[in-house]
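Worksheet for the structure shown next.
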There are 2 protein chains.
Amino acid sequence: MQQSPVPPETPIYRRIADGLREAILSGELRDGDRLPGENALMAQYGIARATARQALSVLINEGLAVPRRGSGVYVRQFRPIRRHGSRRLSHGRWGRGQAIWDADTEGRPYTVDEVHVDRETAEEDVARVLGGSDVWVRRRRYSVDGRPVQLSVSYFPAALVEGTPVVAEDTGPGGVYARLGELGSAPAHFTEEVRARMPHPHETVQLDLPAGTPVIAIMRTAFTEEGVPVEVNEMVLDAASYVLQYDFDA
Amino acid sequence: MQQSPVPPETPIYRRIADGLREAILSGELRDGDRLPGENALMAQYGIARATARQALSVLINEGLAVPRRGSGVYVRQFRPIRRHGSRRLSHGRWGRGQAIWDADTEGRPYTVDEVHVDRETAEEDVARVLGGSDVWVRRRRYSVDGRPVQLSVSYFPAALVEGTPVVAEDTGPGGVYARLGELGSAPAHFTEEVRARMPHPHETVQLDLPAGTPVIAIMRTAFTEEGVPVEVNEMVLDAASYVLQYDFDA
DNA sequence: AAGTGGTCTAGACCACGCG
DNA sequence: GCGTGGTCTAGACCACTTG
């Protein structure tokens with residue numbers, strides 16, 4: 001037997017997915033709640049297993065639900081961190097300014113791990129910006145509340161940082177930017193290019209991302225007061241964990 | 001019969017997807033190229049149809065491929081538009097500044113359609129920012145090269161714009177901001193909150209998004225010189241069509 | 001007309017989790 | 001141990017695109 005002769009406008013699996021999405025977005029199903037499982041959907045709608053799975057996969061790929069093996073499918077949560085771009089302009093300057101999206105206050109403890117510092121040959125895009133492919137690279141991963149949220153790779157011109165604390169494992173108080181300042185190359189201007197896309201496999205692993213989670217990719221270039229580029233920083237953020245904030249004037 | 005007794009590390013459909021992804025990311029398969037179809041994969045790997053589909057669905061949900069009914073599955077392309085946040089800081093100021101990501105030059109013709117102007121009661125988040133829920137709302141959709149790329153909804157305090165050209169269908173030269181200026185409420189400061197997520201169903205329709213495409217959601221608040229909020233602008237961008245650029249000082 | 005992807009059924013074995 | 005989701009098979013009918 002096949003389905004009813006006239007497919008009722010939209011396929012069954014879509015109608016089921018739509019209903020569940022509605023329940024999630026309306027708040028009827030809340031963070032961490034369990035969705036009806038495959039067996040429940042099969043019984044309730046009289047459908048085959050594959051069809052029930054297809055319905056659930058829609059929500060999973062939309063990032064609204066997360067499957068847990070041996071347990072069930074659950075509503076996913078969104079608890080972002082607020083990341084300030086141009087902070088100096090944002091702080092209590094425009095009295096009545098209010099944030100639209102809720103986000104945890106900054107200042108939560110970051111954990112840094114998987115720090116690697118290496119001398120490498122930069123890819124073409126980075127080399128073009130820095131004006132040379134001979135670079136030192138600092139890679140690291142940031143976690144908040146034990147969950148990885150950001151990968152970060154910084155590139156520095158080798159001629160500038162060779163043999164300096166910039167390429168040490170621990171860069172000391174104030175971090176890399178303070179050390180660059182001591183070299184007479186304090187970053188003064190920044191350009192950030194922001195994209196969103198689905199993660200690559202290694203990002204999925206390193207950030208422990210469920211299906212349906214995009215990443216935000218930021219390429220930041222730091223310039224000295226004189227306009228000399230001294231760092232390119234490539235960041236990949238779990239999109240479900242971040243709200244970026246930028247403030248500027250007309 | 002079932003598969004071989006020991007699942008060889010990773011499931012078949014993943015291995016196939018990994019291979020195809022590799023081919024795409026390495027450039028072996030290029031923009032618009034056709035991927036091996038379901039039948040080809042079934043024959044090549046000796047697998048069932050559902051398994052071949054599962055492999056392809058991975059790439060589709062990652063936004064790397066797009067299925068075309070009756071035709072095949074094709075490599076997707078990424079041709080972004082560059083959107084400048086704080087442009088005033090960016091223009092030729094830091095001589096050697098180079099962009100990392102390619103993007104079409106701005107200035108390509110935008111098309112605006114589906115313009116709707118209505119008086120409404122704002123949601124709580126917008127009302128909190130504007131200091132009241134009585135608002136006028138301007139909705140519109142932007143297209144470039146005939147493809148929809150952005151949805152935009154602007155909220156204005158009704159008390160400020162009631163009966164002014166701000167709420168006319170055509171706002172005239174200089175647009176809404178010029179009209180706000182004539183009202184003595186010229187926007188002078190902006191805050192943008194940026195998120196990325198998977199699209200809601202109506203966004204998928206209005207932006208004609210294939211599966212696996214995230215959207216960038218921007219909430220921009222405009223303030224006068226005195227710090228009075230005069231507009232909240234909620235934008236939803238096709239993430240595959242945009243690179244955002246922000247420039248700021250240390 | 002042939003080939004493609006879209007939807008759906010009815011089974012199967014598996015690893016995992018939770019009580 | 002039982003229910004859960006993860007993977008896979010072997011079929012079917014359909015709508016659509018293309019030569």
Side-chain angles (χ1 to χ4, degrees), chain A residues 1-20 32-62 64-76 201 204 208 210-212, chain B residues 1-20 32-62 64-76 201 204 208 210-212:
Chain A
M1 182 90 66
Q2 188 50 23
Q3 72 192 98
S4 54
V6 177
E9 271 294 354
T10 61
I12 299 176
Y13 81 91
R14 283 226 153 266
R15 294 153 143 268
I16 297 174
D18 290 348
L20 293 175
D33 280 358
R34 190 176 185 280
L35 296 176
E38 301 175 356
N39 294 334
L41 293 177
M42 290 169 69
Q44 183 179 350
Y45 294 93
I47 56 177
R49 178 135 186 262
T51 306
R53 279 183 68 75
Q54 200 175 3
L56 292 171
S57 79
V58 169
L59 302 174
I60 291 168
N61 281 316
E62 287 177 350
L64 294 174
V66 181
R68 288 216 279 270
R69 262 228 273 272
S71 174
V73 180
Y74 297 85
V75 177
R76 190 153 180 249
T204 303
D208 191 25
Chain B
M1 183 90 66
Q2 186 52 21
Q3 72 193 96
S4 54
V6 178
E9 271 294 353
T10 63
I12 299 177
Y13 80 92
R14 283 230 151 264
R15 294 154 143 267
I16 297 174
D18 289 349
L20 293 175
D33 280 358
R34 190 174 184 282
L35 297 177
E38 300 176 356
N39 294 335
L41 293 178
M42 289 169 70
Q44 183 178 351
Y45 294 94
I47 55 177
R49 179 138 185 261
T51 305
R53 280 183 69 75
Q54 199 174 4
L56 292 171
S57 79
V58 169
L59 301 174
I60 292 167
N61 282 316
E62 286 177 350
L64 294 174
V66 181
R68 286 215 281 271
R69 265 228 277 274
S71 174
V73 181
Y74 298 84
V75 177
R76 189 151 180 252
T204 303
D208 190 28

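Just so we're on the same page: letters track the sequence lines, and every chain starts at 1. When reading the values below, keep in mind they use all heavy atoms of this one structure, side chains included, and skip hydrogens, waters and symmetry mates. Predicted model only: the values in this text are computed from it and were never measured.
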Query raised in the report: Between atom CD in B:Q54 and atom P in D:dG6, what is the gap in whole Å?
Result: 10 Å
Query raised in the report: Picking from C:dG5, D:dG5, C:dT9, which would you name as closest to the side chain of A:T51?
Result: C:dT9
Query raised in the report: Within the structure shown, what part of the strands sits under 4.0 Å from A:R68 by heavy-atom distance: base, sugar-phosphate, or nothing?
Result: sugar-phosphate
Requested in this report: Would you indicate which nucleotide in D:dG5, D:dT4, D:dT9 comes nearest to any side-chain atom of B:A48?
Outcome: D:dT9
**Report entry** Per A:P11 side chain, nearest of listed nucleotides D:dT7, D:dT18, C:dC8
**Finding:** C:dC8
Query raised in the report: Tell me: CE of B:M42 to C1' of C:dG3, nearest whole Å?
Result: 13 Å
Report task. Side chain of B:Y13 only, please: which of C:dC18, D:dT7, D:dT18 is the nearest? Result -> D:dT7
**Report entry** Among C:dG5, D:dC8, D:dT4, the nucleotide that comes nearest once only the side chain of B:I12 is considered
**Finding:** D:dC8
Requested in this report: Could you tell me the separation between the CZ atom of B:R15 and the C1' atom of D:dC8, rounded to a whole number of Å?
Outcome: 15 Å
Query - For atom CZ of B:R53 and atom C1' of C:dC8, their distance in whole Å - result: 11 Å
Requested in this report: Quick one: label B:R14 by what it contacts on the DNA or RNA (base, sugar-phosphate, nothing), any heavy atom closer than 4.0 Å.
Outcome: nothing
**Report entry** Polar side-chain atom of B:R34 near backbone of B:S71 as donor-acceptor pair, under 3.5 Å
**Finding:** yes
Query - Between C:dT9 (C1') and A:L41 (CG): distance, integer Å - result: 16 Å
Query raised in the report: When you measure from the side chain of A:R49, which nucleotide among D:dC8, C:dC8, C:dA12 comes out closest?
Result: C:dA12
Query raised in the report: Does any N or O in the side chain of A:R14 come within less than 3.5 Å of the main-chain N or O of A:V58, such that one atom is a donor and the other an acceptor?
Result: no
**Report entry** Atom pair distance, as rounded to whole Å: OH in A:Y74 and C1' in C:dC16
**Finding:** 13 Å
Report summary line: Note: for B:I47 and B:R69 on DNA chain D, the residue whose nearest nucleotide lies more 5' is B:I47
